[in-house]
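Not measured: the values here are computed from a predicted model. Order of listing sets the numbers, starting from 1, for every ligand and every atom in it. The analysis underlying the following values was restricted to heavy atoms, covering all of them including side chains, and did not include hydrogens, waters or symmetry mates.
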Amino acid sequence: MVLGLGLMATAGVGCRRYPPPVPLEQLNAQQAAGKMAFNAHCAQCHYERVDQPKNGPSLTSLFKKPALHSGAAATDERVTSTIVNGHGLMPAMGAQVDDQEIQDLLAYLHTV
Ligand code: HEC
């Protein structure tokens, strides 16, 4: 009986929505720089504040989800490698985005 209730509660957690993105006006300087870099380099293919695909999957809740679109763990290292080397249909962007911009992008993506 108690076990049954516990399972039901656990099933309910699976439906929970992720916390919403931090409002833009609350971003710190590095996160705001990351948003600018996102607009310049990523926004043509990804939405990051709504859960809708564009030319690539939505990046909303990227680091809150247990795994990336591909199933890989959502870590800074994996996202950096995706940006630098590309992934599947996503082009490599290492030539267009420098190390500072990657740090800023990661800081911003942790807020969405
Ligand atoms: C020209 C379009 C395009 C641009 C520009 C682009 N992406 Fe992507 N991105 C994609 C596509 C398409 C996928 C899905 C790749 C796949 O799995 O085939 C993707 C996947 C991803 C993933 C998930 C990788 C995984 O393992 O599931 C991340 C994270 C990501 N992009 C981040 C970014 C960031 C950050 C930028 C900006 C620096 C960016 N992308 C710019 C098209 C793009």
*Check N55 against ligand 1 and report side chain, backbone, both or neither, counting heavy atoms closer than 4.0 Å.*
backbone

*With no hydrogens and no angle check, is any side-chain donor or acceptor of D104 less than 3.5 Å from a backbone partner on Q31?*
no

*Can you list the atoms of ligand 1 that are under 4.0 Å from a heavy atom of H69?*
17 (O), 27 (O)

_I'd like to check whether Q44 has a polar contact with ligand 1, where a contact means an N/O of the residue lying under 3.5 Å from an N/O of the ligand._
no

*From the options K54, M93, Q96, select the one whose nearest heavy atom is closest to atom 41 (C) of ligand 1.*
M93

*asked:* For atom 5 (C) of ligand 1, what is the closest protein heavy atom, and at what distance to 0.1 Å?
replied: H41 O, 3.3 Å

_How far is atom 15 (C) of ligand 1 from the closest protein heavy atom, and which atom is that?_
H87 O, 3.2 Å

*Nearest to atom 19 (C) of ligand 1, what protein heavy atom do you find, and at what distance?*
H46 CE1, 3.4 Å

*Using a heavy-atom cut-off of under 4.0 Å, does the side chain or the backbone of A37 touch ligand 1, or both, or neither?*
neither

_Using 30° and 60° as the class boundaries, would you call the ring planes of H110 and F63 parallel, tilted or perpendicular?_
parallel

*What are the two closest non-hydrogen atoms of K54 and C45, and how far apart are they?*
CB-O, 3.2 Å

*Numbering as shown, the atoms of ligand 1 that approach G56 to under 4.0 Å (heavy-atom distance)*: 10 (C), 11 (C), 12 (C)

*Starting from atom 32 (C) of ligand 1, which protein heavy atom do you reach first, and at what distance in Å?*
L59 CD1, 3.6 Å

*Centre of Y18's six-membered ring, under 6.0 Å away, within 45 degrees of the axis: is that where NZ or CZ of K64 sits?*
no

_Distance, nearest 0.5 Å, that separates OG of S81 from CD1 of I102_ = 10.0 Å

*Of the listed options P57, G88, G86, closest to atom 14 (C) of ligand 1 (non-hydrogen atoms)*: P57

*asked:* Quick check on contacts: which atoms of ligand 1 are under 4.0 angstrom from a heavy atom of L105?
replied: 38 (C)

*Are Y47 and V79 co-members of a hydrophobic cluster defined by side-chain heavy atoms under 4.5 Å apart?*
no

*asked:* If the contact criterion is a heavy-atom separation under 4.0 Å, does A72 count as touching ligand 1?
replied: no

*asked:* Please check: side-chain N/O of R49 versus main-chain N/O of V22, any donor-acceptor pairing under 3.5 Å?
replied: yes

*Where is the nearest protein heavy atom to atom 34 (C) of ligand 1: which residue, which atom, and how far?*
C42 SG, 3.5 Å

*So which heavy atom on V84 is nearest to which on A92, and how close?*
O-CB, 3.4 Å

*Shortest non-hydrogen contact from M90 to I83?*
CE-CA, 4.0 Å

*asked:* Given S58, A40, C45, identify the one with the heavy atom nearest to atom 1 (C) of ligand 1.
replied: C45

_Do Y108 and E48 pair up side chain to side chain, a donor and an acceptor below 3.5 Å, judged on atom types alone?_
yes

*Heavy-atom nearest neighbour in the protein, as seen from atom 22 (C) of ligand 1, with distance rounded to 0.1 Å*: T82 CG2, 3.8 Å

*Answer yes or no: is there a donor N or O on one side and an acceptor on the other, between the side chain of S58 and the main chain of V50, under 3.5 Å?*
yes

*Is the shortest distance from a heavy atom of R78 to ligand 1 less than 4.0 Å?*
yes

_When you measure from atom 8 (Fe) of ligand 1 to the N, O or S atoms of M90, does any of those distances fall below 2.8 Å?_
yes

*With distance as the sole test, does Q103 use its side chain to make a donor-acceptor pair with the main-chain N or O of Q100 at under 3.5 Å?*
no

_Looking only at the side chains, is there a donor atom on one of H41 and E101 sitting less than 3.5 Å from an acceptor on the other?_
yes

*Output yes when the distance from some N or O of ligand 1 to some N or O of L89 is under 3.5 Å, and no in every other case.*
yes

*Residue part near ligand 1, for S70, under 4.0 Å between non-hydrogen atoms*: both

*Which atoms from ligand 1 have a heavy atom of P91 less than 4.0 Å away?*
1 (C), 3 (C)

